[in-house]
A.B. asks: 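Below you will find the structure I want to go over with you.
Naming convention: chains lettered A, B, ... in sequence-line order (proteins, then strands); numbering from 1 in each chain. In this text, all values refer to a predicted model and were calculated from it rather than measured experimentally.
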Amino acid sequence: MAARDPRHLFHRSGLRTALALLILWEVIGQLDLVAGGALPAPSAILMRLWIDGADYPRHVLATLYASAAGFVIGNLAGVLAGVIFALSPAMLRLFRGVNIAVFALPPIAIAPILALTLSGMAPRITLAALGVYFVTMSATVIGLSQADSRATDLIRAYGGNRRQQLRLVSFRGALPSILAGLRIAAPNAVLGAILAEFGGGGRWGLGAYLLGSLGRGEPERLWGIGLIATAIAGLSYAGFALLAGRLIGASRAVTMNAALPDAPTEKEHPLLAVALRAGMIALPFALWWMFIWGTGVPALIAKTPLGVVDYLFFSPASASARSRLLEAMGQTLPVTALGMVAGLGFAFLLAISSRLFPRAIRAFMPVALVTQTMPLVALTPLLVLVLGRGMSLTLWVTISVTFFPAFVTLAQGIALVPRSAQDVPRAYGASAWTEMRLVTIPASLPYLFAATRLTVPRALLGVMIAEWLATGKGLGNLLNQSRGFMDYGMIWTVAAVSVLLSVVFYQLVVVAERRVLRRLGMQTAE
Amino acid sequence: MPAPEQNLPDGIALTGVGKTFRGRGRDVEALRDISLSCPAGSFTAIIGPSGCGKSTVMRLASGLEEADAGNIAIAGDMPLAAARAGLTGVAFQDAALLPWRSVRRNVELPLQVLGRRPADHADDVEALIRLVGLAGYENALPGELSGGMRQRVAIARALVTRPRVLFMDEPFGALDQILRRLMNVELQRIWAETGATTLLVTHGIDEAVFLADRVVVMHANPGRIVDVIEVPFARPRDPAIFSHPAFHALCDRIAEVLHGGA
Ligand SMILES: Nc1ncnc2c1ncn2[C@@H]1O[C@H](COP(=O)(O)OP(=O)(O)O)[C@@H](O)[C@H]1O
Ligand SMILES: [Mg+2]
């Protein structure tokens with residue numbers, strides 16, 4: 001999805017909003033209004049940055065190295081996979097399970113198992129690459145399959161095959177989509193690297209620095225690190241935006257796409273369909289197996305799918321493991337659901353009211369767009385500072401990571417409702433509420449689903465990070481504890497369960513979305 | 001034909017209407033000093049080059065936009081008041097259907113806005129859908145219809161409130177020539193039956209002459225009325241009139257005004 005160029009917006013209301021917020025922040029900081037100084041003034045943060053200056057280069061370099069390597073690897077894999085999927089719908093269907101898992105997995109959940117099985121920078125690079133893969137892969141598939149059909153028809157009319165169509169037309173046509181994907185992928189890589197630093201230990205890196213400073217009661221330093229991390233992610237986005245502008249003259253802001261490109265349904269043998277479906281479910285587990293086999297880590301540490309089943313149901317400690325797991329899930333899931341509903345709800349209310357207060361929303365939009373490039377969950381330590389370690393922290397982390405992307409998705413979707421569609425009720429004297437009820441709200445339904453799809457994994461990630469770093473409850477905490485106790489079975493179990501939960505929720509949303517929208521005769525929004 | 005009079009019960013009266021769109025850096029004077037009065041039950045066509053403010057006249061008259069200067073009275077009332085009273089019907093250039101509503105539910109939309117129960121008007125809705133030739137498509141979604149069919153839904157929707165005043169902005173723009181003629185004949189019949197005061201924006205001179213009592217010619221920069229030409233032909237008009245020499249002579253005269261200087 002695309003929006004107006006944020007640079008363009010900044011020149012006007014956006015710049016004013018940003019400036020106003022900055023001044024407000026400075027005043028609040030100077031007066032120590034938030035949680036006894038947990039939110040320092042920008043000037044104090046900058047001062048601290050200057051004092052800590054010597055610490056930064058190694059941390060920044062470590063994070064940059066992992067993000068850049070992950071970015072390159074993730075993109076190569078993403079483009080390659082995208083081309084294969086665009087050429088072969090069967091492959092796309094076969095890999096659907098893997099793709100959803102990569103999209104939905106909470107990175108923090110698999111950070112510990114990567115730390116167990118890989119060494120050095122590899123866990124960080126892997127997590128950064130995973131953050132990049134899905135974005136680039138889906139951008140490639142969508143770009144290739146949306147290439148101008150008249151142009152591809154022309155090649156077909158001269159007897160060209162699928163490969164020639166790709167080479168002659170589709171690749172050029174897909175370029176804007178792929179470049180747009182790279183822009184979102186770049187900050188994702190930074191986020192992945194930082195999360196791996198949270199979950200995998202290690203001395204250097206902004207994530208490690210952030211964690212190391214969390215217990216030391218120096219808000220200025222924490223905020224300084226957060227600022228640098230945000231700046232790196234933002235600059236990487238801006239860099240690719242600039243590159244895209246140079247290459248193809250595209251300068252539109254893009255947002256994350258959470259739709260898994262669908263394979264065109266072709267007539268196929270029912271046996272093949274069943275085989276593909278079975279393969280789709282089996283493949284993620286097969287890859288898990290192959291990963292362990294490939295790394296050669298002993299079975300004591302690395303659990304295969306069977307190992308996890310054994311741990312949970314047949315080992316001597318299985319009963320205790322099950323009860324701990326269930327208890328943790330009982331703590332994590334309600335908060336996740338609550339935070340998601342609240343985040344989506346706020347976003348929905350704000351987005352539909354954009355019809356009532358267009359100017360206010362227009363001024364807010366640039367801020368929301370900027371958050372798209374921010375490693376929001378990586379800033380959880382800052383929220384710990386402000387909100388403490390209780391339930392409200394978990395809730396606010398979740399709301400903040402769901403609200404912004406949901407708002408951007410919804411606001412952009414609602415902006416697509418043609419003016420003429422609203423003119424009809426208005427010409428009959430409809431009140432603002434009637435107009436919203438009859439037009440804006442139904443029109444935004446597909447985007448509400450798209451936003452839900454997008455935010456399901458983020459909500460779970462937000463909760464788990466808050467639990468891991470601060471609250472001492474739930475799946476995130478269980479994972480962190482198990483790491484301390486070297487309870488390998490539990491580490492693998494929590495990782496697998498978290499990914500599974502995320503995938504199941506995602507899939508539930510997709511099914512509900514298809515049902516509801518089909519009944520309403522609507523199309524899924526991307 | 002009745003003589004034009006201000007503020008007749010179901011008439012349209014614009015007096016000295018002006019509208020300027022304030023844009024970034026540059027203002028566009030869309031309309032200057034528009035005065036136009038359509039007596040109750042009359043049929044008026046507006047014709048003019050694109051960008052001369054035809055749609056703006058319609059948007060002002062249907063209360064979607066506010067005039068900067070002058071006064072507008074629809075059935076003796078403010079545009080929005082007339083709209084809320086259910087006296088008006090509108091069809092725009094773009095069919096503007098809600099893609100998630102079936103044909104029937106799109107046609108019912110104005111009833112819903114006015115707080116009437118669609119169930120009480122089921123027969124009307126049915127008849128209108130049949131009238132625009134879409135019987136059997138009641139439950140189809142706009143996405144399944146051709147451009148021409150969609151515009152016919154928009155016309156049915158404009159008529160569903162049994163309006164006393166009808167605003168139509170290039171409603172036949174997406175129709176092919178044959179269907180357009182057919183709809184012209186239908187519209188004349190509907191107009192004669194309902195007696196609604198009708199204001200129609202069109203690109204087709206022949207369409208304007210066939211349907212209207214008077215043709216209003218507009219020019220751009222700023223949008224203004226340059227001439228109002230009476231159409232003397234008797235009613236009901238037969239489509240055969242399209243090949244009549246007098247018809248052509250009038251069309252030529254209008255074309256001259258249309259393409260001539262101010
Ligand atoms: N909402 C608007 N904002 C700015 N300018 C507008 C707006 N609506 C119309 N205009 C301008 O007013 C003029 C008349 O437009 P319009 O009434 O749509 O013309 P027409 O329907 O005759 O083609 C055009 O120059 C157009 O650009
Ligand atoms: Mg127009």
A.B. asks: For residues A/Y447 and A/I414, determine if any side-chain heavy atom of one lies less than 4.5 Å from a side-chain heavy atom of the other.
C.D. replies: no
A.B. asks: How about B/M168 and B/L187: do any of their side-chain heavy atoms sit closer than 4.5 Å?
C.D. replies: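 Result yes, sub-4.5 Å side-chain heavy-atom pair found.
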A.B. asks: Under 4.5 Å from any heavy atom of chain A, what part of B/T161 do you find: side chain, backbone, both or neither?
C.D. replies: side chain
A.B. asks: Counting N and O atoms only, with roles assigned by atom type, does the side chain of B/R22 sit under 3.5 Å from a partner on the main chain of B/D27, one being a donor and the other an acceptor?
C.D. replies: no
A.B. asks: Could you list the donor-acceptor pairs under 3.5 angstrom formed by side chains in residues 110-121 of chain B, with sequence neighbours left out?
C.D. replies:
from, atom 1, to, atom 2, distance (Å)
B/Q112, OE1, B/R101, NH1, 2.9
B/Q112, OE1, B/R101, NH2, 2.9

A.B. asks: Among B/L80, B/L64, B/L98, who wins on heavy-atom pairs under 4.5 Å with chain A?
C.D. replies: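 Max contact count across the listed options: B/L64.
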A.B. asks: For B/R59, is it the side chain, the backbone, both or neither that has a heavy atom under 4.5 Å from a heavy atom of chain A?
C.D. replies: side chain
